[in-house]
Amino acid sequence: MADNLEGLKIPEHVAIIMDGNGRWAKKRLMPRNFGHKQGGKVVEQICRDAYDLGIKYLTVYAFSTENWSRPQSEVDTLMDLLREYMSTCMENSQKNNMRVRVIGDKSKLDEDLQQKIAALEEASKDYTGLNFQVALNYGGRDEIAVKKVAENYKNGEFTLDQLNPELFEEYLDTKGIPDPELVIRTSGEKRLSNFLLWQVAYSEFYYPEVLWPDFNKKELIKAIEQFNKRERRFGGV
Ligand code: FPP
């Protein structure tokens with residue numbers, strides 16, 4: 001059945017905090033990693049659905065700078081899932097016509113994963129379908145840390161008079177990517193957890209109860225419907 005999107009404004013950029021994998025697995029008396037695996041499958045489907053609905057940019061929070069404190073076996077599973085994802089994506093990149101970028105501090109990832117990411121980013125850079133950003137070892141505060149900006153100022157790249165929010169954005173991982181209009185966090189939790197702190201200044205937030213492994217196209221449409229009910233005034237009246 002065709003999706004009924006008549007009259008709906010489709011947000012250009014949707015960002016998702018994929019929460020609830022652990023609880024989803026627990027409900028099934030399964031280990032947490034089972035939930036992450038299912039969550040990974042949902043990511044692939046949601047990319048197709050998002051593009052299908054006319055979303056141009058999709059960003060997902062896959063691993064935060066704080067997630068290293070999880071048990072080592074969970075960290076390993078998440079990293080393996082990401083490795084697997086990068087490889088599958090590389091194989092399917094032409095068919096998907098999807099540009100993939102990873103935001104976050106990649107330098108702390110294993111060398112082989114860094115290489116897979118670099119290869120996929122390079123191979124997909126001219127694809128014109130969905131722009132898909134994976135936030136990996138990402139933290140908003142880490143991204144905003146002004147060292148890069150200060151270094152460039154010191155090197156004479158710009159004068160203090162030239163430094164404004166637009167110039168500052170050039171130094172973020174999301175350079176060239178529009179700010180998300182809609183942020184979804186699944187599982188009913190209402191927190192930002194260090195995700196895209198700068199970029200969400202004017203975003204709308206939506207917190208469905210559904211756990212990430214159960215998220216699907218129907219839920220995405222519901223989120224877009226909610227987004228359409230909001231009146232965005234950007235500080236005006
Ligand atoms: C939060 O659920 C989820 C994560 C920290 C990991 C998200 C990763 C994936 C969905 C899989 C890999 C991603 C890609 C792009 C292939 P939680 O573990 O905090 O759940 P809980 O709050 O119920 O414990």
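Positions are given from 1 along the sequence. Just so you know, ligand 1 is whichever comes first in the structure, and atom 1 is the first atom listed for that ligand.
Atoms of ligand 1 found under 4.0 Å from any heavy atom of Arg32, numbered from 1 in the order shown, are 17 (P), 18 (O), 24 (O). For ligand 1, the atoms sitting less than 4.0 Å from at least one non-hydrogen atom of Met18 are 1 (C), 2 (O), 3 (C), 7 (C), 8 (C), 9 (C), 10 (C), numbered in the order shown with element in parentheses. Listed by number with element, the atoms of ligand 1 under 4.0 angstrom from any heavy atom of Tyr85 are 16 (C). When each atom of ligand 1 is checked for a heavy atom of Gly39 under 4.0 Å away, the hits are 10 (C).
Comparing heavy-atom distances from atom 17 (P) of ligand 1 across Ile17, Asn33, Asp19 singles out Asp19 as nearest.
Judged by distance alone, the side chain of Asp80 and the main-chain N or O of Thr77 form no donor-acceptor pair under 3.5 Å. Side-chain atoms of Gln162 come within 3.5 Å of backbone atoms of Thr159 as a donor-acceptor pair (strictly under, hydrogens ignored). For Ser203 (side chain) and Pro180 (main-chain N/O), a donor-acceptor pair under 3.5 Å exists by modelled atom type. Side-chain atoms of Glu169 never come within 3.5 Å of backbone atoms of Lys175 as a donor-acceptor pair (strictly under, hydrogens ignored).
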task: Under the salt bridge (charged side-chain N to carboxylate O under 4.0 Å, His left out) rule, what do Lys222 and Glu219 come out as? Steps first, then yes or no, please.
output: CA-CA 5 Å; Lys222 266 202 251 171; Glu219 293 289 339; 3.4 Å; yes

query: Step by step, would you call Asn194 with Arg141 a side-chain hydrogen bond (donor to acceptor under 3.5 Å, both in side chains)?
result: CA-CA 7 Å; Asn194 206 7; Arg141 288 184 174 176; 4.9 Å; no

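The protein atom (non-hydrogen) at minimum distance from atom 6 (C) of ligand 1 is Ala62 O, 3.4 Å. What sits closest to atom 22 (O) of ligand 1 on the protein, heavy atoms only, is Arg23 NH2, 2.9 Å. In this structure, the protein non-hydrogen atom closest to atom 14 (C) of ligand 1 is Leu82 CD2, 3.9 Å.
An N or O contact shorter than 3.5 Å links Asn21 to ligand 1 by distance. Residue Asn67 places no N or O, backbone or side chain, under 3.5 Å from any N or O of ligand 1. Checked against a 3.5 angstrom limit, the closest N/O atoms of Val60 and ligand 1 fall outside it. Checked by distance only, ligand 1 and Trp212 stay at 3.5 Å or farther apart across all their nitrogen or oxygen atoms. Distances between N or O atoms of Arg70 and those of ligand 1 include at least one value under 3.5 Å. The shortest N/O to N/O separation between Tyr61 and ligand 1 does not fall below 3.5 Å.
Remark: of the listed residues Tyr138, Tyr171, Trp198, Tyr138 is the sole one forming a side chain to side chain donor-acceptor pair (under 3.5 Å) with Glu143.
Here His13 pairs with Thr59 under the side-chain hydrogen bond (donor to acceptor under 3.5 Å, both in side chains) rule; sequence neighbours left out.
Checked for salt-bridge contact, Glu151 and Lys148 miss the test: no charged N lies under 4.0 Å from a carboxylate O.
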